[in-house]
Amino acid sequence: MTIGVEALPLTFVAHALAVAGAVTVLVWNLYYRGGVAWEATNKSLIFNLHPVLMLIGLIIIGGEAIMSYKSLPLKKEVKKVIHLVLHAIAIILGSVGIAAAFKNHNESNIANLYSLHSWLGISIISLYGIQWIYGFIVFFYPGGSAIIRSESLPWHVLFGIFVYILAVGNAALGCLEKLTFLESSGIAKYGPEALLVNFTAVITILYGAFVILSVLGQAPVEDDDK
């Protein structure tokens, strides 16, 4: 399924939204939340790694990985490597982001895996990893037969889009959950930090939408002789 728009221009909008999303999540956690750290007496600084790495890693870099395969006017093998490496980076950053949340909870005597956001997060990173391993084995090394690759590709794309949509939705849910906690702790409901968190969630959703639109857009003509 494709739409009557080239994928490349759609990615330009997505790139701009990616920059905006990275800036807002960094401003939120570095300016309003006091910074990030892996070791700190203020355990909130450890947790702050979670939204930063999940948004920049799993959502933004993961989205760039998806767009790279459809929009770049490069040889298929080159795009395959870019796609694979970016997704690997996304998984690594996402895994560290999840580990930061667990570390914060464990050192703060907070229960783990009690919310819908956390349940979905563990499921998503697991599915993301399975998708990457399958793609590596079938499409990269050792590589399946031409028939297996041909029959697997539509399902690989569909499953990847499904997992990515789940990730974007869960990121927005995470913003809502964190903002609810912050407002319960006293920040103003219409204050600048609350508005910034909401804008971060909106930007995340818009970025995800343009990533999906780029997948549905028309790919550039491939030149396998390049």
Side-chain angles (χ1 to χ4, degrees), residues 18 21-22 24-26 28-29 33 36-40 43-66 83-138 152 155-185 197-198 200-205 207-209 211-212 215:
T24 56
V25 76
L26 287 171
W28 174 29
N29 288 279
R33 293 290 96 208
V36 297
W38 185 255
E39 297 287 348
K43 303 306 177 184
S44 295
L45 301 185
I46 299 173
F47 181 84
N48 292 346
L49 283 168
H50 178 71
V52 170
L53 293 179
M54 300 312 292
L55 181 56
I56 294 178
L58 205 66
I59 303 300
I60 293 179
I61 295 180
E64 295 294 331
I66 292 172
H83 181 75
L84 189 74
V85 170
L86 288 178
H87 272 313
I89 295 171
I91 293 171
I92 292 169
L93 293 180
S95 298
V96 175
I98 290 175
F102 274 96
K103 190 173 191 293
N104 165 259
H105 284 193
N106 292 336
E107 295 183 9
S108 305
N109 296 315
I110 300 173
N112 289 305
L113 300 176
Y114 63 87
S115 68
L116 176 61
H117 173 68
S118 61
W119 289 8
L120 287 174
I122 293 297
S123 301
I124 289 164
I125 198 70
S126 300
L127 292 173
Y128 207 123
I130 292 170
Q131 169 83 339
W132 189 89
I133 293 170
Y134 182 82
F136 183 90
I137 293 172
V138 173
S152 297
W155 293 104
H156 180 70
V157 173
L158 182 62
F159 187 73
I161 291 174
F162 169 70
V163 173
Y164 187 72
I165 290 173
L166 282 179
V168 170
N170 201 41
L173 182 61
C175 288
L176 172 62
E177 183 179 285
K178 182 63 175 178
L179 184 56
T180 300
F181 291 151
L182 292 174
E183 289 177 346
S184 298
S185 300
V197 176
N198 282 336
T200 301
V202 170
I203 291 169
T204 300
I205 293 169
Y207 174 72
V211 169
I212 301 305
V215 174

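Since the model is a prediction, treat every value here as computed from it, not as a measurement.
Applying the side chain to side chain donor-acceptor pair (under 3.5 Å) criterion to H83, with sequence neighbours excluded, gives no partner residue. In this structure A209 satisfies the side-chain contact (heavy atoms from CB on, under 4.5 Å) test with no other residue, sequence neighbours excluded. By the side chain to side chain donor-acceptor pair (under 3.5 Å) test, N112 is found to be paired with H105, N106, residues two or more places apart in sequence or in another chain being considered. When the side-chain contact (heavy atoms from CB on, under 4.5 Å) test is applied to S123, no partner is found at least two apart in sequence or on another chain.
Atom CH2 of W119 has 12 or fewer neighbouring heavy atoms from other residues, nucleotides or ligands inside a 6.0 Å radius.
Aromatic ring centres of Y128 and W132 lie farther apart than the 6.0 Å criterion allows.
The side chain to side chain contact (heavy atoms under 4.5 Å, CB included) test with N170 singles out one residue from V168, L173, L166, and that residue is L173.
Considering only heavy atoms from C-beta on, I66 comes within 4.5 Å of V215 through its side chain. Within the 4.5 Å cutoff, no side-chain heavy atoms of I130 are placed close to those of V163. With contacts defined as side-chain heavy-atom distances shorter than 4.5 Å, the pair I56/L26 qualifies. Here the side chains of N29 and P51 are in contact, with some heavy-atom distance below 4.5 Å. Side chains of L182 and R33 form a contact here, defined as non-hydrogen atoms less than 4.5 Å apart.
Put simply, CG on L86 and CD1 on I91 are 11.5 Å apart, with the number rounded to the nearest 0.5 Å.
Sorted pairs that involve residues 111-130 and meet salt bridge (charged side-chain N to carboxylate O under 4.0 Å, His left out), not counting sequence neighbours, are lacking altogether. Within the structure, every pair that satisfies the salt bridge (charged side-chain N to carboxylate O under 4.0 Å, His left out) test and touches residues 94-116, not counting sequence neighbours, is listed here: E39-K103, K43-E107, K103-E107.
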